[in-house]
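Down below is the structure, laid out as structure tokens.
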Amino acid sequence: MSRPGEERTTAAVRPYVITRGRAGSSRDALPLETLVVASGSALPPHLQPEYRRIADFCQGLLSVAEVAAHLGQPPAVVQVLLADLIDWGHIVARPPIRVVKRKRADLDLLRKVLDGLESKL
């Protein structure tokens, strides 16, 4: 229990309360390597403190995992909160770049280029 005048930290609040009982969001779960940044729009005054802290952390690009570490909450909780902020236009997300399977021809071409460069030396 906190004493009068003491502010409760985010870690003292149960994740169930922070997400209002939600385990997911309106969108697919954000991968932990997704980069997020604040959009610069003004936050409404009625938002929970966790939303405000996330917006403060996201003044520069951060991954979802980094936001979770800064907030001291499980990544699943932060993913729900970030999805809300994205839906409301307060956070912009840059999804991770997907690795494309390389074709054998691409590797052969790279070897030929490398061999050509080595022969010039």
Side-chain angles (χ1 to χ4, degrees):
M1 189 165 131
S2 60
R3 297 179 190 165
E6 280 185 15
E7 190 175 315
R8 293 188 71 153
T9 64
T10 303
V13 179
R14 293 201 177 272
Y16 180 85
V17 174
I18 294 171
T19 62
R20 295 182 297 252
R22 296 173 298 147
S25 66
S26 62
R27 59 181 60 239
D28 292 337
L30 294 168
L32 296 178
E33 65 273 16
T34 298
L35 296 177
V36 292
V37 66
S39 67
S41 64
L43 297 175
H46 61 57
L47 283 183
Q48 295 173 204
E50 291 79 19
Y51 287 118
R52 294 187 173 290
R53 290 186 65 206
I54 289 172
D56 288 343
F57 293 136
C58 292
Q59 293 307 307
L61 276 175
L62 285 177
S63 69
V64 172
E66 289 173 308
V67 175
H70 284 299
L71 197 60
Q73 290 294 334
V77 170
V78 174
Q79 287 170 322
V80 171
L81 299 178
L82 278 169
D84 289 344
L85 288 167
I86 291 167
D87 289 345
W88 300 332
H90 299 299
I91 293 287
V92 177
R94 183 181 147 229
I97 298 170
R98 302 281 180 218
V99 176
V100 181
K101 288 189 177 181
R102 298 177 201 260
K103 296 180 183 175
R104 180 73 184 164
D106 292 342
L107 292 175
D108 289 340
L109 176 64
L110 289 173
R111 276 197 194 98
K112 288 177 185 176
V113 169
L114 184 59
D115 290 342
L117 290 173
E118 287 176 347
S119 68
K120 301 278 184 191
L121 299 175

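Since the model is a prediction, treat every value here as computed from it, not as a measurement.
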*asked:* Side chains of Arg94 and Thr34, heavy atoms from C-beta outward: is any pair under 4.5 Å?
replied: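 In short, these two side chains do not touch, never coming nearer than 4.5 Å.
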*Within-4.5 Å side-chain heavy-atom neighbours: Leu82 and Ile91*: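 Yes. Closest side-chain heavy atoms under 4.5 Å.
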Report all side-chain donor-acceptor pairs from residues 64-71 shorter than 3.5 Å, counting only partners two or more places apart or in another chain.
from	atom 1	to	atom 2	distance (Å)
Glu66	OE1	Ser63	N	2.7
Glu66	OE1	Ser63	OG	3.3

Is [X] linked to [Y] within one hydrophobic cluster, defined over Ile, Leu, Val, Met, Phe, Trp and Tyr using a side-chain heavy-atom separation of less than 4.5 Å?
X: Leu43; Y: Val78; answer: yes
X: Trp88; Y: Phe57; answer: yes
X: Ile86; Y: Leu35; answer: no

_To check you understand the geometry: which heavy-atom pair defines the closest contact between Gly89 and Ser41, and what is its length?_
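The answer is O-OG, 3.4 Å.
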Inter-residue atom distance [X].[atom1] - [Y].[atom2], 0.5 Å rounding:
X: Gln48; Y: Asp84; atom1: CD; atom2: CG; value: 8.5 Å
X: Gln73; Y: Gln79; atom1: CD; atom2: CD; value: 13.0 Å
X: Leu81; Y: Ile54; atom1: CG; atom2: CD1; value: 4.5 Å

*Name all residues meeting the side-chain contact (heavy atoms from CB on, under 4.5 Å) criterion together with Pro44; count only those two or more places apart in sequence or in a different chain, and write none if there are none.*
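Applying side-chain contact (heavy atoms from CB on, under 4.5 Å) to Pro44 gives His46, Leu47, His90.
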